[in-house]
Every structure is written in structure tokens, then in C-alpha cells.
Amino acid sequence: MRHGNLFVISGPSGAGKGTLVARLAEEVPDVWISVSATTRPPRAGEVEGETYYFLTQEAFKKLIAEDGLLEWACYAGNYYGTPKASVEKALEAQKQVILEIEVQGAFQIKDKMPDAHLVFVEPPSLEILEERLRGRGTESEEIIKRRMERAEIELSEKMRYDICLVNDKLDDAVQELVAYVNATADE
Ligand code: 5GP
């Protein structure tokens, strides 16, 4: 029988983590994707409790104080964190648990849970990353600038991850991720 595992997926905003993780869930039936809490306002089309739990700063700080988060970090001016109870429940149920989080949170997880598998998703280049961020059409210039600065910091941490996938051709990156998750689960 497959055992439960924790996978952390990081990479610059616009690298395609969300799409990759959604495709992984279509292809691997025991994948469970964690829903994070954030103080960032919802973008058009984002659904409370599905994309994120959208919280006020006050509610987020309360969660921290109650030890309700497995990790949390501040990213481009907003707080983001992983609810602890649901992740623990999914691991007990032997799921392949996926956290799509930024690098500070990833290292907090690795410290607390050394068995976690860290996956870094890299864009083919910074130019392509910027094009993708602009192409979304959801972010202001100021936010794109902050996210590009952040991307360079994140890329400098990729060596600390267990594997690094270059998201050039989406189908190839999906297959690499599926193979990694299946190999780990079947170990
Ligand atoms: P976005 O605002 O584009 O949805 O997310 C911004 C960044 O926050 C992304 O790199 C995303 O992976 C990260 N993120 C999302 N949820 C969490 C979380 O629970 N914890 C941490 N540390 N980062 C998160």
C-alpha cells in the first residue's frame, strides 16, 4: 500500500505551480492539495475555501496565536499560511499531501518535518516569467515589480530543494512531477 507523504512545491509567482499541481491531482488519485490562509484580497474568480481562506490580518494573527498554522510567511506585503489540522488529517489518511507555498514556508516545513519532499518549479527564464505575470492581466505594475524581485530571491534558493523542474513544456513538467510523486509514494 502507498504511504502518505508531504510534498512542498515552490517557485516564483508565474512559474506555473498552480497549473502543474492541478494536473498532478488529475493524474494521481491519492493527491490532496492543501488550501492556505491568506490576507491577500481575492482575485477575480478565486473562491473562498477553495483557492484560499481569505482572512483579515486580525483573524490571521489569531490563527498564529492559536498554533493553527504549520508554517506561515509574509510575501509581497501579505501573510500566507498552511492550516495545520487539515494537513495532519490528510497525512493520517495516507494522502500525497501537496503544499504550494513560497520558500520561507518551505524551509520551515523541512525543519519541522524532515521527511517532507521539496520540489522547486523554475520558469525557463526571468523574461518568460515576466511575460507570464503580465499576461495574467490581474496584477498592477507595482505588484509585478515586487513579484519579479521576489522571484530572483526564490531562484537563489533552488539548490536547497530535493528536485528542480523547469516548466518549459507543461506536459513534460507534469510527467516529471507525477513520476516523482509516484516513486516517493511507492518507496
Ligand atoms: P499568490 O498571491 O500568487 O496566490 O501567492 C503568492 C505566493 O504565496 C506564492 O509563491 C504561493 O506559493 C505562496 N503561498 C501560498 N500559500 C502559502 C502558504 O500557506 N504559505 C506560504 N509560506 N506561502 C504560500
Side-chain angles (χ1 to χ4, degrees), residues 6-25 32-57 59-64 66-88 90-91 97-113 116-123 126 129-158 160-161 164-165 167 173 177:
L6 186 59
F7 296 91
V8 175
I9 319 275
S10 306
S13 178
K17 288 165 292 173
T19 314
L20 261 175
V21 165
R23 288 278 305 273
L24 173 73
W32 181 85
I33 304 170
S34 166
V35 178
S36 294
T38 185
T39 60
R40 167 170 79 60
R43 296 185 190 126
E46 291 188 333
V47 180
E48 164 66 25
E50 282 182 25
T51 325
Y52 280 110
Y53 297 103
F54 294 100
L55 303 183
T56 58
Q57 287 229 8
F60 195 95
K61 285 183 181 155
K62 191 161 170 261
L63 258 185
I64 298 174
E66 288 167 349
D67 196 27
L69 297 175
L70 209 49
E71 59 71 38
W72 64 272
C74 191
Y75 177 97
N78 291 296
Y79 290 102
Y80 295 82
T82 304
K84 193 191 262 183
S86 50
V87 168
E88 286 174 349
L91 283 172
V97 175
I98 310 292
L99 310 183
E100 192 213 307
I101 65 178
E102 52 69 68
V103 295
Q104 306 165 74
F107 300 137
Q108 289 176 44
I109 294 285
K110 192 73 180 179
D111 281 346
K112 277 193 193 164
M113 302 161 105
H117 304 274
L118 267 49
V119 179
F120 193 89
V121 179
E122 196 181 353
L126 282 172
L129 186 71
E130 193 164 351
E131 270 170 35
R132 286 182 187 167
L133 274 180
R134 279 184 207 287
R136 271 187 192 169
T138 52
E139 254 84 47
S140 67
E141 269 309 304
E142 172 60 23
I143 291 186
I144 290 174
K145 198 169 152 252
R146 276 164 93 171
R147 286 183 177 236
M148 285 306 294
E149 283 166 9
R150 192 73 214 186
E152 294 195 35
I153 298 171
E154 300 222 321
L155 283 163
S156 71
E157 301 281 18
K158 71 177 186 191
R160 294 173 67 189
Y161 281 67
C164 186
L165 307 177
N167 189 11
L177 184 59

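Counting convention: from 1, in listed order, for ligands and their atoms alike.
The two residues Leu129 and Ser13 have their closest heavy-atom pair at CD1-O, 3.3 Å.
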Measure from every N or O atom of ligand 1 to the protein's N or O atoms and keep only the pairs below 3.5 Å, writing each with atom names and distance to 0.1 Å.
from: ligand 1; atom 1: 2 (O); to: Arg40; atom 2: NE; distance (Å): 2.6
from: ligand 1; atom 1: 2 (O); to: Tyr80; atom 2: OH; distance (Å): 2.6
from: ligand 1; atom 1: 2 (O); to: Arg147; atom 2: NH2; distance (Å): 2.9
from: ligand 1; atom 1: 3 (O); to: Arg43; atom 2: NH2; distance (Å): 2.9
from: ligand 1; atom 1: 3 (O); to: Arg147; atom 2: NH1; distance (Å): 2.7
from: ligand 1; atom 1: 4 (O); to: Arg40; atom 2: NH2; distance (Å): 2.9
from: ligand 1; atom 1: 4 (O); to: Tyr52; atom 2: OH; distance (Å): 2.5
from: ligand 1; atom 1: 5 (O); to: Tyr52; atom 2: OH; distance (Å): 3.3
from: ligand 1; atom 1: 10 (O); to: Lys17; atom 2: NZ; distance (Å): 2.9
from: ligand 1; atom 1: 12 (O); to: Lys17; atom 2: NZ; distance (Å): 3.2
from: ligand 1; atom 1: 12 (O); to: Glu100; atom 2: O; distance (Å): 3.3
from: ligand 1; atom 1: 16 (N); to: Ser36; atom 2: OG; distance (Å): 3.0
from: ligand 1; atom 1: 19 (O); to: Ser36; atom 2: OG; distance (Å): 2.7
from: ligand 1; atom 1: 19 (O); to: Glu71; atom 2: OE2; distance (Å): 3.3
from: ligand 1; atom 1: 19 (O); to: Gly81; atom 2: N; distance (Å): 3.3
from: ligand 1; atom 1: 19 (O); to: Gly81; atom 2: O; distance (Å): 3.0
from: ligand 1; atom 1: 19 (O); to: Thr82; atom 2: N; distance (Å): 3.3
from: ligand 1; atom 1: 19 (O); to: Thr82; atom 2: OG1; distance (Å): 3.4
from: ligand 1; atom 1: 20 (N); to: Glu71; atom 2: OE1; distance (Å): 3.4
from: ligand 1; atom 1: 20 (N); to: Glu71; atom 2: OE2; distance (Å): 2.7
from: ligand 1; atom 1: 22 (N); to: Glu71; atom 2: OE1; distance (Å): 2.8
from: ligand 1; atom 1: 22 (N); to: Glu102; atom 2: OE2; distance (Å): 2.7
from: ligand 1; atom 1: 23 (N); to: Glu102; atom 2: N; distance (Å): 3.1

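Note that Arg40 lies outside the cation-pi zone of Phe54, set by a 6.0 Å cut-off to the ring centre and a 45° limit from the axis.
Evaluation of the salt bridge (Lys or Arg N to Asp or Glu O under 4.0 Å) rule for Glu141 yields Arg134 as partners, not counting sequence neighbours. Not counting sequence neighbours, the partners of Glu66 by the salt bridge (Lys or Arg N to Asp or Glu O under 4.0 Å) test are Lys62. In this view, Glu88 and Lys84 satisfy the side-chain contact (heavy atoms from CB on, under 4.5 Å) rule, not counting sequence neighbours.
The CD atom of Glu102 sits 9.5 Å away from the CZ atom of Phe107 when rounded to the nearest 0.5 Å.
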